[in-house]
Amino acid sequence: MRISREETLAYLDSQSEESKIIRGFLKQLESMVQNWVAGGHYQLNDSDLLFDTDFKKLLTTMQGIHTEFIPYSEVTRIIYNNNADGLDAFFMKLNQKIMENVKLEDSPEIANEYVVLIKSVEHMKLANKQMDNLYKKQQDKLNQQQEKINVLEKNISKTKKRYKKLNKMKGVKGSLKM
């Protein structure tokens, strides 16, 4: 897909209307992620009016975002800053809402907002998997370090016992000489 010079410059200009739209989208997306992570805000069942309302707001904020100019680094930041168990359920709920809305569309082609949202959800999934992988690697390294500490503590304990034995033996030998 070719993108015009004007569209590119608008995306890169932090004062442009496109940048304002993107900031609005990110703000709404982050709010929804934070609400999900906090718990108690949304419901897991299908009839969640609050989630539906926020989803509609999210779609509204996305109108005008070009599918090639999704702010992936900011989407990643949102997931990294709000990482918690249960985000997979959030992603599934978003996908379910997208499917419901797309089925209601009259046109055989889907609206731009859905393309942007689908790409954003996929990227959030990726960021979540990366975060999980980083956590696992860190946990593995911590476990290895803990094993080394345990071995060192055992060695120190053994050395202290030997030292005490040697001191006792020295004391016994010293008392015999007198």
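- The closest side-chain heavy-atom distance from Glu68 to Arg2 is not below 4.5 Å.
- Under a hydrophobic-cluster definition in which Ile, Leu, Val, Met, Phe, Trp and Tyr are linked whenever side-chain heavy atoms come within less than 4.5 Å, directly or via other members, Met92 and Val121 are assigned to different clusters.
- The backbone N or O of Ser31 sits less than 3.5 Å from a side-chain atom of Asn35, completing a donor-acceptor pair.
- Without hydrogens or angle criteria, Ser157 side chain to Glu153 main chain gives no donor-acceptor distance under 3.5 Å.
- Counting heavy atoms from C-beta outward, Leu59 and Phe55 have side chains that approach closer than 4.5 Å.
- Between the CD1 atom in Ile65 and the CG atom in Asn112 there is a gap of 8.5 Å [rounded to 0.5 Å].
- Going from atom CD1 of Ile156 over to atom NZ of Lys158 covers 12.5 Å, rounded to the nearest 0.5 Å.
- For residues 84-108, every residue pair satisfying the ring pair (Phe, Tyr, Trp, His ring centres under 6.0 Å) rule, not counting sequence neighbours, is listed here: Trp36-Phe90.
- Clustering ILVMFWY residues whenever any of their side-chain heavy atoms sit less than 4.5 angstrom apart, transitively, puts Met99 in a cluster other than the one holding Ile118.
- The two residues Gln15 and Lys20 have their closest heavy-atom pair at O-CE, 3.8 Å.
- A salt bridge is defined here as a Lys NZ or Arg NE, NH1 or NH2 lying under 4.0 Å from an Asp or Glu carboxylate O, and Lys125 with Glu122 meets this definition.
- Residues Leu26 and Val75 meet the side-chain proximity criterion, which asks for heavy atoms closer than 4.5 Å.
- At a threshold of 4.5 Å between non-hydrogen side-chain atoms, the residues Met124 and Leu87 do not count as touching.
- With sequence neighbours left out, the side-chain contact (heavy atoms from CB on, under 4.5 Å) criterion links Glu6 to Ser4.
- In terms of the side chain to side chain donor-acceptor pair (under 3.5 Å) criterion, residue partners of Asn143 (sequence neighbours excluded) are, by chain and number, Gln139.
- Summarising the geometry, atom NZ belonging to Lys154 is positioned 11.5 Å from atom CG belonging to Leu152; distances are rounded to the nearest 0.5 Å.
- The side-chain heavy atoms of Met32 and Leu58, taken from C-beta on, include a pair separated by under 4.5 Å.
- Taking CG of Asn101 as the start and CD1 of Ile110 as the end, the distance is 11.0 Å to the nearest 0.5 Å.
- Linking Ile, Leu, Val, Met, Phe, Trp and Tyr whenever their side-chain heavy atoms come within less than 4.5 Å leaves Tyr80 and Leu126 in two separate clusters.
- Both Val102 and Val115 are assigned to one and the same hydrophobic cluster, defined by single-linkage of ILVMFWY side chains at heavy-atom distances under 4.5 Å.
- Here the closest heavy-atom approach between residue Ala10 and residue Ser19 is recorded as O-OG, 3.8 Å.
- Thr76 places a side-chain N or O within donor-acceptor distance of the main-chain N or O of Tyr72, the cut-off being under 3.5 Å.
- Under the side chain to side chain donor-acceptor pair (under 3.5 Å) criterion, Glu105 pairs with no residue, sequence neighbours left out.
- Between the CG atom in Asp106 and the CG atom in Leu104 there is a gap of 9.0 Å [rounded to 0.5 Å].
- Taking the side chain to side chain donor-acceptor pair (under 3.5 Å) definition, one finds that Asp54 meets it with Tyr42, sequence neighbours left out.
- For the pair His41/Gln34, no side-chain contact is recorded, criterion being any heavy-atom separation below 4.5 Å from C-beta on.
- Residue pairs meeting the ring pair (Phe, Tyr, Trp, His ring centres under 6.0 Å) criterion with at least one partner in residues 96-122, sequence neighbours excluded, are absent.
- Using cut-offs of 30° and 60° on the angle between ring planes, the pair Phe69 and His66 is tilted.
- Under a 3.5 Å cut-off, the side chain of Asn82 and the backbone N or O of Ile78 do form a donor-acceptor pair.
- Between atom CD1 of residue Ile149 and atom CD of residue Gln144 there is a gap of 12.0 Å, rounded to the nearest 0.5 Å.
- When side chains are defined from C-beta on, Lys97 counts as touching Asp52, because their heavy atoms get closer than 4.5 Å.
- Enclosure of atom CG in Asn155 by more than 12 non-hydrogen atoms of other residues, nucleotides or ligands within 6.0 angstrom is indicated.
- A 4.5 Å side-chain heavy-atom check between Glu74 and Ile22 finds every atom pair outside the cut-off.
- Annotation for Ile21 and Gly64: closest pair CD1-CA, 4.3 Å, computed over non-hydrogen atoms.
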